[in-house]
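Working notes, beginning with the structure itself.
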Amino acid sequence: MNDLDRIADDIRLCHKCPLAQTRICAVPGTGSGKSDIVFIGEAPGAREDREGLPFIGAAGKFLDEMLADIALSRADVFVTNVVKCRPPDNRDPLPEEVRICTEAYLWKQLEVLKPKLLVPLGRHAMHRFLPVTEKISEIHGTPVGITNPLSGEKYVVLPLYHPAAALYNGSMREVLKRDFREIPKMIEKMKYEK
Ligand code: SF4
């Protein structure tokens with residue numbers, strides 16, 4: 001069992017915050033433990049809670065479509081959420097729940113994964129990494145540097161709209177696809193900056 005699997009096991013058994021009382025399944029995340037790219041949503045939804053997997057359903061299908069568009073699949077990236085258990089009635093996670101969960105798990109997952117690029121999906125996930133004064137309508141597709149508070153490692157964050165926001169909005173779909181196409185270019189550029 002590797003470090004990422006160990007963290008996932010801890011998440012599945014976790015009772016560190018009140019969300020443990022209402023979840024069905026915790027959702028640690030899935031994908032490659034060696035990927036340069038980590039996609040991060042805010043929290044699992046109802047279907048994710050039932051199945052223990054991130055980004056399934058219609059938004060997840062669109063995520064898969066955008067990955068395919070840049071010649072990637074779920075097996076090539078890691079997909080997770082800021083908070084690993086579903087808040088009841090799809091409410092926003094409370095600041096204390098976010099603090100406990102990110103300190104216990106997300107930063108540790110990133111420390112193990114050592115990605116080049118973090119891609120928060122949607123403004124809620126984005127605001128876990130960038131100041132709340134940032135507007136996703138202005139900053140989407142713009143890379144920003146951040147530091148892991150646990151390890152001191154540096155990452156580039158590329159905030160993108162949430163796939164669900166684009167499901168029934170043709171122009172938003174095009175914006176999101178255009179932003180996605182920046183991902184391979186950025187990864188390629190980072191190889192030469194090492
Ligand atoms: S949300 Fe995070 S901290 Fe809270 S119970 Fe789930 S895994 Fe534990």
Side-chain angles (χ1 to χ4, degrees), residues 1-35 37-60 63-64 74-75 77-115 117-132 134 136 144 146-155 157-165:
M1 185 186 279
N2 63 32
D3 288 345
L4 207 53
D5 292 336
R6 262 188 285 276
I7 296 170
D9 276 359
D10 289 347
I11 290 170
R12 290 190 190 97
L13 298 173
C14 178
H15 283 80
K16 288 180 191 286
C17 90
L19 295 181
Q21 291 158 21
T22 48
R23 73 172 179 227
I24 300 170
C25 297
V27 184
T30 54
S32 167
K34 295 183 178 157
S35 178
I37 311 161
V38 177
F39 290 90
I40 307 174
E42 170 75 336
R47 195 163 159 201
E48 285 84 4
D49 182 45
R50 282 197 302 274
E51 301 192 28
L53 297 168
F55 279 89
I56 46 180
L63 175 64
D64 292 343
R74 293 279 186 119
V77 301
F78 194 80
V79 180
T80 188
N81 287 291
V82 172
V83 161
K84 311 303 187 191
C85 301
R86 182 193 181 212
D89 303 321
N90 283 350
R91 68 159 168 77
D92 292 342
L94 302 175
E96 187 63 359
E97 293 161 352
V98 171
R99 185 189 66 74
I100 293 169
C101 201
T102 52
E103 284 180 11
Y105 303 115
L106 180 63
W107 294 119
K108 282 189 190 159
Q109 286 178 312
L110 295 176
E111 198 177 348
V112 173
L113 286 160
K114 302 196 186 314
L117 195 61
L118 305 188
V119 185
L121 296 168
R123 73 186 162 90
H124 293 295
M126 175 188 87
H127 285 145
R128 306 309 173 195
F129 304 99
L130 304 183
V132 288
E134 295 289 2
I136 196 155
V144 183
I146 65 151
T147 302
N148 184 327
L150 285 190
S151 65
E153 288 167 339
K154 310 271 186 207
Y155 311 114
V157 171
L158 183 72
L160 299 188
Y161 283 111
H162 195 286

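Atoms within a ligand are numbered from 1 in the order they appear, just like the ligands themselves.
- Salt bridge present: Glu153 and Lys114 bring a charged side-chain N and a carboxylate O closer than 4.0 Å.
- A donor-acceptor contact closer than 3.5 angstrom links the side chains of Asn148 and Tyr155.
- Taking the side-chain contact (heavy atoms from CB on, under 4.5 Å) definition, one finds that Asp5 meets it with Met1, Asn2, sequence neighbours left out.
- Note on Lys108 versus Glu103: no salt bridge recorded, every NZ/NE/NH1/NH2 to OD/OE distance being 4.0 Å or above.
- The ring pair (Phe, Tyr, Trp, His ring centres under 6.0 Å) test applied to Phe55 returns His162, not counting sequence neighbours.
- Residue contact check: Tyr105 has heavy atoms under 4.0 Å from atoms 7 (S), 8 (Fe) of ligand 1.
- Listed by chain and number, the residues in a salt bridge (charged side-chain N to carboxylate O under 4.0 Å, His left out) with Asp3 are Arg6 (sequence neighbours excluded).
- Screening the protein for N, O or S atoms under 2.8 Å from atom 6 (Fe) of ligand 1 yields 1; no waters enter the count.
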